[in-house]
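Fair warning: this is a prediction, and the values are worked out from it, not measured in the lab.
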Amino acid sequence: MKSVLYIIRKIVSLILTLLLVSVIAFFVYEIIPGDSVTSMLGTEYTEERAEALREELGYNKPIYERYLIWLENFVTGDMGESVNYKMPVADIIADKLPVTLWLGLISMLQIIIISIPLGVWFAWREHKGKGIFIEYFNQFVMSIPSFFLGIIIIYIFGNILKLFTPGQYVDYKENIVGFILYLIPATITVAISKISMVAKFTRNSMVEQLQADYVRTARSKGASELRIFLHHILRNGLTPVITFLGMVVAEVMAGSIIVEQVFNIPGLGRTLVVAVGNRDLPIVQAIIVYMAALVIIVNFFVDIVYKFIDPRITIGMGRE
Amino acid sequence: MNRKKYKIGLVFGIIITLVLLVTVIVSFFYLPYDPDEMNVTQKFQAPSAEHWFGTDNFGRDVFSRTVEGLKTTFLVALFTVIIGSFIGTLVGAVTGYFGGIIDEVIMRINDVLASFPSMLVAMVMVCILGRGPVKLVLIMGVVFIPSFARVMRGEFMKLKNRDFILSARLIGCSHWRIMFSHIFPNTLHTLLSSVAIGFNNAVLVEASLSYLGIGVQPPHASLGRMLSEAQGYFSYIWCVLFPGLVMVLMILGCVLLSESVVRLKRR
């Protein structure tokens, strides 16, 4: 019963947050300086024409009514037309979204597979009181901006070792294997600093458990250090990491925007950068809502999964 | 063992940050070359005694440009953190201290904004407001408000029920006075470490925006843009390597500082 309530509460909060994002995205569009009607008419501007166009576009309606219309159109897939490409925004996004999703997915896989064992290993070293060099190295890796890392990777693996051809993008519709192979260096670039982050978080979370009472109890019962580590600390230490991974998804999204630029990958991020440069607002609006929705929905599922892994989280304790 | 370990970090952090800080200050008065001066006969010179970091495609001195870029990034990050922490503290203080509906509403909006990477929010705002150094600083300042507000709200909430605050209320201090002369001084160490973390993020966001071509605009030199320009002529690796490494050092110095301060404080 309690868990059903928890899920309902979470769903309500999910819907509210998504609505809030849509409100923000809508008002962002409203507060831009400059009247879009004036710029659409250009030299043909007259008072009457502007008035007629406003009527036609529905700009004369009250703002909440326009918001509802906009929301309805947006949800049903009508996101307006790009100012620059003169194409429906929905088509542009449908074309680019898979690229960014693949990029994010492969990066996340690398992060999960590598960082957690790495963090556990760091914690084990800490437990044994071993050296600190590796942690400073980890800190150093975390400090490398992804575009710098990307350029270095292209230089070393592309230009010197010739393991891949920089800039020769393969379209996913033509050759999915080639496409994924092309993405690999980019995903590594996105993943590396996040791997360091998650590994550090995992380590800290586990080290915190080392001082817990149940560890002392286990020790006094005569359990071996390895057993304490694997049976007691590991389970308790890894649960917070799941929530942290949910947050990393947002970081991976941001990282992919930059890395797409470095590796010349035509995904959502590149489209966004170009659109920001041209102030092509319909595209920016749509991409932002997409990315936000993705991050929020992933975190929603993380919360639900967390609830089942750690039943101690009850209603009302979800936040903070 | 642990204390010693964080002390090493602190020392390294201080050294790195100080060296960069001194470089920035000196650069106001002296640079070996004009960072924007082009000299076509000198292009793509490898690093030498004359040009420490070599020269780029227009024969500009990479060292001077790197220092100039460091200065830009440094100043942008500094003002960003000042704006963000000032307003963030105010918002956090009011919401954390008074609570209630205002708190709920502001923090909901805050949560949504904070769940976005700061880069994305900054990009949207650049798109709305346009570019320019002053606008960039303002935009980044605003983008960094939510994270400061959240941290400070937590501190104010935690402290407002402590006995010394109750006593202050009992002797009739005004809310304003309680907030800023009783609670605020107790939040300083938390504020300082979030300033260091914020500075760090600001460096990263500024560099990323400039790399994407929507941050600092020419003719100002910027570390991020130097990298994106240098991507066109890869084989002259010094044009990429030195600005990049300076950026790494800047971030690393800040992380080490904030991290070690927090750890040493806690134990």
Would the number of heavy atoms belonging to other residues, nucleotides or ligands and lying under 6.0 Å from CD1 of B:Ile101 be above 12?
-> no
More than 12 heavy atoms from other groups under 6.0 Å of CD1 on B:Ile102 | no
Mind checking whether A:Phe26 and A:Tyr67 have parallel, tilted or perpendicular rings, split at 30° and 60°?
-> perpendicular
Against chain A, label B:Val255 side chain, backbone, both or neither, depending on which of its atoms sit under 4.5 Å from a heavy atom there.
-> side chain
Any A:Ile283 side-chain heavy atom under 4.5 Å of A:Val274 side chain | no
Scored by heavy-atom pairs under 4.5 Å with chain A, the best of B:Met247, B:Met123, B:Met250, B:Met125 is B:Met123
Relative to chain B, which of A:Val23, A:Ile287, A:Leu272, A:Leu149 shows the most heavy atom pairs under 4.5 Å?
-> A:Leu272
Most chain B-contacting option - heavy-atom pairs closer than 4.5 Å, from A:Ile288, A:Ile151, A:Ile144 | A:Ile151
Modelled atom types, side-chain donor and acceptor of B:Ser210 and B:Glu206, under 3.5 Å = yes
Check whether any side-chain N or O of B:Ser208 sits under 3.5 Å from a backbone N or O of B:Leu204 as a donor-acceptor pair, and report yes or no.
-> yes
Relative to each other, are the rings of B:Phe74 and B:Phe199 parallel, tilted or perpendicular (30° and 60° limits)?
-> perpendicular
Side chain / backbone / both / neither for A:Met291 at chain B, heavy atoms under 4.5 Å | side chain
Could you have a look at A:Leu16, A:Ile152, A:Ile154 and say which one has the most heavy-atom pairs with chain B under 4.5 angstrom?
-> A:Ile154
Let me know if A:Leu20 has heavy atoms under 4.5 Å from chain B in its side chain, its backbone, both or neither.
-> side chain
Measuring heavy-atom distances to chain B, does A:Val262 have an atom under 4.5 Å in its side chain, in its backbone, in both, or in neither?
-> both
Chain A contact via B:Ile214 - which portion, at a heavy-atom distance below 4.5 Å = side chain
So which part of B:Leu256 gets closer than 4.5 Å to some heavy atom of chain A, the side chain, the backbone, both or neither?
-> side chain
Between CD1 of A:Ile15 and CZ of A:Phe300, what distance do you get to the nearest 0.5 Å?
-> 8.5 Å
Check whether A:Ile160 gets within reach of chain B through its side chain, its backbone, both or neither, counting any heavy atom under 4.5 Å.
-> neither
Option in B:Leu241, B:Val126, B:Leu249 with maximal non-hydrogen atom pairs under 4.5 Å from chain A | B:Leu241
Taken to the nearest 0.5 Å, the spacing of B:Ile251 CD1 from A:Ser143 OG works out to 6.0 Å
Check each atom of A:Val284 against the heavy atoms of chain B and say whether the ones under 4.5 Å are side chain, backbone, both or neither.
-> side chain
Identify which of B:Asn200, B:Val121, B:Val124 forms the greatest number of heavy-atom pairs closer than 4.5 Å to chain A.
-> B:Val124
